[in-house]
Each structure stands twice: as structure tokens, then as C-alpha cells.
Amino acid sequence: MLALLLLLQAQAPVQRAALTISPEDIRRRIGIIADDSMRGRDTPSPELDKVAQYIGREYRRLGLKPGGDRGTFIQRYSIDRVKIIAESSAAFVHGGPGATLKYGNDFIFADNLFASGDYAGDLVLVSGPLTGATADTTALAGKMIVLASPRLRSSDRERVFNWKPAGIVLLSGASDSMWAQIVSRNNRPQMRNPGRQVGGPVALGLRMASLQPTAAALGIDLAAAQSASTFAVQPLTGTQLHVRARIQSLEHSSAPNVVAILEGSDPTLKNEYVVFSAHMDHVGVAGPRGSGGCRAQGADSICNGADDDGSGTVAVVELAEAFAGLQPRPKRSIIFLNVSGEEKGLWGSEYFSNHPAVPITNIVADLNIDMIGRNWRDTIVAIGKEHSDLGATLNRVGAAHPELNMRPIDDIWPDENFYFRSDHYNFARKGVPILFFFSGTHPDYHQVGDSPDKIDAEKESRVARLIFYLGVDIANSAERPKWNPDSYKRIVTGN
Ligand SMILES: [Zn+2]
């Protein structure tokens, strides 16, 4: 009986802290950051910066330590707006029948993977599912890899980068009209992914017909390679590809992440960190610049992003408030991270994972939150449960808090590959175990209807409290979370 009383007393501060995560706060904060005046928080935009400043002020008020640039809460990464110079860009196949490939007619530069430069290497055809890549791939370094597979997943993309090729060529079987659309999109000014190092491979989309003569001379059937069911590497013997990429920089800008740290109370464990993350950017307003498919509806042209990801953004702020009020402080330190550029391709989290405020090996978990303000009232999907013991920890924490009436369940959309599609992936690929909290999409996804009035703040408060209890458990436990060995091999080392 006494033991139980002591246990209850020890629990009380944690519960009190959890209760500071309230529906009223959630509603109020989403009302601020998803207001029409924030114009959909596009990356980059003055409104996105306004939201970052607001979050930084909240962290300062809560007494957290800045984890951004030069003693501030803001970490900035630079963005280049660039345009391809069509008339000076070209590619040449040497050897075999040879070919001069024209930008626009025969090939485009695949998004975000290019920098001005000259690239060359022997042509090698890679076919079949890349997950089955058992063959020795060290020989692919410095080569121009032609990927026959018509669909490339983010996880595949990382794998191909690790082969260190000179270039990546994606074969396109697009019809003439579809190709014309692809080219016109490629020709528009675009933002270059700031996380990709200049000096990496060039990436092309190449029409299959343009490579056909070269392949045919070697007796290779490209169409057959596209539907291959086993992994194969086949050199296009005696042929090389030279690529001349000419890119013009139109303007330099930058975008913010917000980083705050709560120092842990244990002299040793405080050097390890639990990260709570969410993306504060959204897709902006309807119009040609809108990258996320935002369309006007009547007089409304602002995609508010209240659920995506206003809900996760304010959850991280509410978690910060709960942790800041918790005495004693957790043993491990906590990082509250609000990233941007997610909608453009996980830019902010990629930048943070390459320039973390603390050594990345000291980050023991990332709990990422995206879209938890709508749909089911008693269930939350946690993607990634099967990949580490965080799944079992979450089940245990969920079962210990029946009052939340919030059941954590497994990924119910494995075919959608959500594990590879939001900011947590930039932690996972660096070896940090993750869970991704997500309530699924809805017809208002990336549309003007994703507005604050549709947020179920009461339900969201219970999801956020569950994540809070989980964070407390991870931060205080003797052992750091562990990967399941098979998942580690597949996701981190890429074998
Ligand atoms: Zn999102």
C-alpha cells in the first residue's frame, strides 16, 4: 500500500505536466499559425519566418535553451532558386552508335539533384527491384547508372546515392504529351534542395527511345529490363555518357528550423537526447508557385495547413510546455524541433540531420508528428513500430494510460511507404530509431479546407499527452531504444 502511494506521488507531477497539454491551448495556437494571415507557410516565405519567430518566443518564455545558430532558437539553411539553361545543357553517348541528346527533346534534369558541371562515366544498366540488390555494388562507383525500374522510392534513392555513381539516369516511357508536360515543369525556376551536396551525382530523366539504339547495338532490350523481377547489373560495354549541366542561379534565400533544448537532470544521461519533431511549413496559396497542389475554392485561395502540420507543430510546442514544467526534469535531455521545407522534400530535417545541434549518435529517438488533428477519436497510427523496441514501449505506455482512450496501432498503409516520406526518415537513415504519429489524410489534404475550425483539439490533446508520456518513459529509462537488427540492416546500412 505504501509502495503504491509512493508510486502515485511520483506519478503526480508527470500527470500534472501532461494536463498542461490542453484542447484550449491547441485550438488557440493552431488558430495563430494556420490563420489566413500566415498564407499557408510556404518555404521560403515571410509568413513561415513569422511562425518560426513565434515558436522561438514561446520556447524562450518556457526557459528552454536555444539550439539554433549563434545562440538563437533559429537554425537557417540556404535555398537557391535556379533555372536550367536549356540551350547550353546537353548529353552525349560515346561508343556504339553514339548519340547527341538534347535537353528537353531527349532528357531532363531530375528535380533537385543537379548542379552546373560536367559529368561522365561508363554506362551501366541496373534493373529489377533495388531492395534485392545483393550483387557487389562497389563497381558502380563513378558510373552512369541507368535505372530501368519505372518507380523509384525514397529508400531506393538513398541506396543509389550510396553507390556513389557519377550520374543516375531514370528511363522514362512517357507518351509525347506527358513528356511535354514533364519538360515544361522542368523548365520552370525551381528550388534546389539545400541538403544535397554539390559534387554529388547528376540525375537525368531520359526518354527510353533515346537510349534504344545504344542498347539495341549491344543486344539489350530496355523494355524487358523495365519489367525485370530480379536485381541485375549489366554494363553497356564500351559506352560512356557525358552530361553538360548548366544551371543559372536566380536568387538566394534561406528558411528556418526552430531548435530548443531542455537539459536533462542525470549527469551522464543528459548527454543523450530525445527529439520531438514536426514540420511548420505548408504549401502556401493557390497559384503557379503552389507546389503542393493547393487550388482556390470560391474566394478562398489560402491552404491553411491546420492539420498538415499545424497540429504537429503546436503539439511540439505543447510538449515543450509540459516538459518545461516537469519537476524533477527527465534524465535525458529533450530537443524540440520545428522544421520547414518538408513539403518541398524534407529539406529542413535533412539539413538538421546533417548539421545537428548535438552529435547525432547522441540522439536516442525521434518522435515525429504530422497530421494528428482529424479523423479517428480513439486511435493513433504509429508508423515504424515494427522497426525498434519503441513499438513495444509505446504499447506499454498506451496500456498504462487507459484514461486517454487513445490506442496506438501499427502502420495500416504499408504500401504507401510513409516510413520514408516524412521528416523522421532523415533521422532513421542516420541510425536514430523513430516513431511517426499520423492520423491519416482526408479530402482537405493540401487544400483550402484544411482550416483551423476542422481541428478536433480535444482528441489531439489526448494524442499529445500519449506522446508526452512516451517521451518521459524514453528519457528516463536506463537503456536507450534499440533497433530490430533486420530493420537496421535494411534501413540504415542499406543491405
Ligand atoms: Zn505534413
Side-chain angles (χ1 to χ4, degrees), residues 129 131 153-156 158 274-279 307-309 311-312 315-316 319 342 346 349 363-442 445 456 459-475 477 479-494:
T131 43
R153 298 178 187 165
S154 337
S155 55
D156 292 337
E158 208 63 36
V274 178
V275 173
F276 294 101
S277 61
H279 73 89
D307 191 27
D308 183 11
D309 185 22
S311 64
V316 171
L319 284 159
E342 192 269 355
L346 317 185
S349 58
I363 296 178
V364 304
D366 172 44
L367 305 178
N368 188 42
I369 310 168
D370 199 350
M371 302 178 73
I372 55 162
R374 289 177 61 164
N375 296 345
W376 326 289
R377 307 211 69 232
D378 57 359
T379 308
I380 179 73
V381 173
I383 285 165
K385 279 177 77 185
E386 70 277 31
H387 294 312
S388 74
D389 62 5
L390 286 172
T393 305
L394 174 61
N395 288 345
R396 178 167 50 72
V397 170
H401 291 281
E403 80 283 4
L404 295 177
N405 191 24
M406 185 55 63
R407 196 165 59 98
I409 61 166
D410 295 357
D411 189 349
I412 52 174
W413 313 278
D415 293 343
E416 295 274 356
N417 281 300
F418 285 125
Y419 188 90
F420 301 97
R421 286 172 51 186
S422 190
D423 295 306
H424 52 270
Y425 178 63
N426 279 320
F427 288 89
R429 72 187 176 91
K430 297 257 179 182
V432 178
I434 69 101
L435 283 179
F436 172 35
F437 294 89
F438 178 45
S439 286
T441 61
H442 40 72
Y445 175 71
D456 183 345
K459 159 257 181 75
E460 176 170 341
S461 70
R462 288 181 289 117
V463 177
R465 284 174 198 164
L466 174 66
I467 299 170
F468 171 71
Y469 286 124
L470 173 66
V472 171
D473 194 286
I474 299 168
S477 83
E479 301 284 328
R480 56 193 282 175
K482 282 185 203 61
W483 283 89
N484 296 335
D486 285 351
S487 298
Y488 186 84
K489 264 193 236 159
R490 193 154 68 76
I491 295 163
V492 187
T493 56

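Rounded to the nearest 0.5 Å, atoms CG (Leu346) and CZ (Phe420) are 12.5 Å apart. Taken to the nearest 0.5 Å, the CG atom of Asp366 stands 14.0 Å off from the OH atom of Tyr425. The CD1 atom of Ile409 lies 11.0 Å from the CG atom of Asn395; values are rounded to the nearest 0.5 Å. Atom CZ of residue Phe436 and atom CZ of residue Arg421 lie 9.0 Å apart, to the nearest 0.5 angstrom. Atom NE2 of His279 is separated from atom CG of Asp423 by 6.5 Å, given to the nearest 0.5 angstrom. To the nearest 0.5 Å, atoms CZ (Arg429) and CD1 (Ile434) are separated by 13.0 Å.
The shortest non-hydrogen separation linking Phe276 to Val316 is O-CG1, 4.0 Å. Annotation for Ile491 and Ala428: closest pair CG2-CB, 4.2 Å, computed over non-hydrogen atoms. For Asn368 against Ser422, the heavy-atom pair with the smallest separation is ND2-OG, 3.4 Å. Closest non-hydrogen pair, Glu386 versus Ser487, comes out as O-OG, 4.0 Å. Smallest separation of non-hydrogen atoms from Tyr469 and Leu404: CD1-CD1, 4.0 Å. Summarising the geometry of Leu319 relative to Ala464, their closest heavy-atom pair is CD2-O, 3.7 Å, with the distance given to 0.1 Å.
The shortest distance between side-chain heavy atoms of Ile380 and Leu466 falls below 4.5 Å. Two residues are said to be in side-chain contact when any heavy atoms from C-beta on lie closer than 4.5 Å; Met371 and Arg374 fail this criterion. Between Ser277 and His424 there is no side-chain heavy-atom pair separated by less than 4.5 Å. Counting heavy atoms from C-beta outward, Thr441 and Trp413 have side chains that stay 4.5 Å or more apart. Between Leu470 and Leu435, the closest side-chain pair of non-hydrogen atoms falls below 4.5 Å. At least one side-chain heavy atom of Asp308 sits less than 4.5 Å from a side-chain heavy atom of Asp370. The closest side-chain heavy-atom distance from Pro481 to Ile474 is below 4.5 Å. Proximity of Phe437 to Ile467: side-chain heavy atoms (C-beta onward) are separated by under 4.5 Å at one or more points.
When atom types are taken as modelled, the side chain of Asp389 and the backbone of Lys482 share a donor-acceptor pair closer than 3.5 angstrom. In this structure, the side chain of Trp483 engages the main chain of Gly431 through a donor-acceptor pair within 3.5 Å. Between the side chain of Ser311 and the main chain of Ile372, a donor-acceptor pair closer than 3.5 Å is present.
Under the side chain to side chain contact (heavy atoms under 4.5 Å, CB included) criterion, Arg377 pairs with Asp456, Glu458, Lys459, Arg462, sequence neighbours left out.
Between the side chains of Asp307 and His442, at least one donor N or O lies within less than 3.5 Å of an accepting N or O. With 3.5 Å as the limit, one finds a donor-acceptor pair spanning the side chains of Ser349 and Asn426.
Applying the ring pair (Phe, Tyr, Trp, His ring centres under 6.0 Å) definition to pairs two or more places apart or across chains, those involving residues 377-399 are His387-Tyr419.
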Show your working on side-chain contact (heavy atoms from CB on, under 4.5 Å) between Val472 and Phe468 and close with a plain yes or no. CA-CA 6 Å; Val472 171; Phe468 171 71; 3.7 Å; yes

Which is it for Arg396 and Asp473 under the side-chain contact (heavy atoms from CB on, under 4.5 Å) test, yes or no, and what are the steps along the way? CA-CA 10 Å; Arg396 178 167 50 72; Asp473 194 286; 3.0 Å; yes

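Heavy atoms from other residues, nucleotides or ligands lying under 6.0 Å from CD of Glu403 number more than 12.
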